[in-house]
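Remember, predicted model here, so these are calculated numbers, not experimental data.
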Amino acid sequence: MLRVLTLNCWNVSEPFEARMRLVRRWVERLEPDLVGLQEIVVRRDGLDQAKMALGESYERVFGAAVEWNERGADCCAGEPPDGAFGNCLASRWRVRRSEVRFLPGEETGERRCVVAALVEAPFGLVPFFVTHLNWKFDHGYVRERQVLAVADLVESWSREGTFPPVLVGDMNAEPDSDEIRFLCGLRSVGGRSFYLQDAWRVAGPAEPGYTWDNRNPYAAWNFEPNRRIDYIFVGMPDRTGRGWVESVRLVANEAEDGVFPSDHFGLYAEIRT
């Protein structure tokens, strides 16, 4: 069974160290094979948020989307960067090769990226991808362009894989949005069609699966509606069932002493190998 975890780690927002300890406990409890983390900060002073969350058991590939200044904000023009903010792809197994690719939409004031890797798993070569799309509610038109670029990358890298591709991340879009429906083969975008399994649609329990949930106070103070915006996608299973999503559930969704691991809840899936 392939075990996959995805979580938006909410950058270095306080209580940062307490939150990262909780993320680390979830990782140790779940023992995922592949991990996708979003809103990860790596700084020149030695701070490596992904290392704090994962420890030393994983090979990691960091993809910087934007520079990060000493105030912990996106770096403005003329200010020297203190580090970077982006996505981290992690694997228990060797990463044969990897790539970081920027996504369309930089003109909106956000710069996003996708991290791709070919992972040498015991059961085959797994194309694995981690991304984080534009967040604004009225940026569906941007996310449509971004998912087209992600689909291009998935299709290209999957030609070298021997296992269905796995795409995870914070898509900042609900299941009935055009951009997510495109990824699931439910509508075309720009005259093009594509298909991945949405793990929650395939194997999720009979509940909404909100990963942005106002019972989490870190989410609630934004006054945004509950919604499912974080995903694990898997390519079409083969004739033997390899790639079939066996189970998926919310994780990193419990508080300890009033502290949640992030403003998002995570997702954990088990995929047949």
Measuring from atom CG of Leu103 to atom CZ of Arg143, what distance do you get when rounded to the nearest 0.5 angstrom? 12.5 Å
Under 6.0 Å between ring centres: does that hold for His264 and Trp10? no
So do Thr131 and Leu167 actually touch side chain to side chain, heavy atoms under 4.5 Å? yes
Quick one: are Leu89 and Val35 in side-chain contact, heavy atoms under 4.5 Å? no
Asp33 and Ser91, any side-chain heavy atoms less than 4.5 Å apart: no
Quick one: does Asn11's side chain have a donor or acceptor within less than 3.5 Å of a partner on Glu39's backbone? no
Crowded around Met1 CE? As in, over 12 foreign heavy atoms under 6.0 Å? yes
Within 6.0 Å of CD in Glu17, more than 12 heavy atoms from elsewhere: no
Without swapping roles, check the side chain of Glu207 against the backbone of Gly209 for a donor-acceptor pair under 3.5 Å. no
Heavy-atom check, side chain of Phe233 versus side chain of Pro164, under 4.5 Å: no
With a 3.5 Å distance limit and no angle check, can you tell me whether Arg201 reaches the backbone of Pro175 through a side-chain donor-acceptor pair? yes
Between Asn172 (side chain only) and Ile229 (backbone N and O only), is there a donor and an acceptor less than 3.5 Å apart? no
Just by modelled atom types, is the Trp212 backbone N or O under 3.5 Å from a matching donor or acceptor in the Arg227 side chain? no
Would you please say whether a donor-acceptor pair under 3.5 Å links the side chains of Asn134 and Thr108? yes
Using a strict threshold of under 4.0 Å (side-chain N to carboxylate O), is an ion pair present between Arg112 and Glu110? yes
Using the ring pair (Phe, Tyr, Trp, His ring centres under 6.0 Å) rule, pick out the option among Phe128, Trp244, Phe123 that qualifies with Phe163. Phe123
Within a reach of under 6.0 Å around CG of Asn222, are more than 12 heavy atoms found that belong to other residues, nucleotides or ligands? yes
Val251-Leu7 co-clustered via ILVMFWY side chain contacts under 4.5 Å: yes
Do the side chains of Phe129 and Val154 get nearer than 4.5 Å, heavy atoms only? yes
Is any side-chain heavy atom of Arg228 closer than 4.5 Å to a side-chain heavy atom of Glu174? no
Could you tell me whether Arg19 sits above the aromatic face of Phe260, with NZ or CZ closer than 6.0 angstrom to the six-membered ring centre and within 45 degrees of the axis? no
Answer yes or no: is there a side-chain heavy-atom contact under 4.5 Å between Asn87 and Ile40? no
Answer with yes or no after comparing the ring centroid distance for Tyr231 and Trp200 against a 6.0 Å cut-off, counting only values under it. no
Is there a donor-acceptor pair closer than 3.5 Å between any side-chain N or O of Gln197 and the backbone N or O of Gly235? yes
Using the rule salt bridge (charged side-chain N to carboxylate O under 4.0 Å, His left out), only one of Arg92, Lys51, Arg24 pairs with Glu56; which is it? Lys51
For the backbone of Tyr218 and the side chain of Trp221, can you confirm whether one donor and one acceptor N or O come within less than 3.5 Å of each other? yes
For the residue pair Gln38 and Asp170, confirm or rule out a side-chain donor-acceptor distance under 3.5 Å. no
Tyr210 ring center within less than 6.0 Å of Phe265 ring center: no
Donor-acceptor under 3.5 Å (Ser262 side chain, Asn8 main chain): yes
Charged N to carboxylate O under 4.0 angstrom, Glu120 versus Arg94? yes
Is a donor on one side and an acceptor on the other found under 3.5 Å between the side chain of Arg242 and the backbone of Thr162? yes
Kindly say whether Asp230 contributes a backbone atom to a donor-acceptor pair with the side chain of Thr211 at under 3.5 angstrom? yes
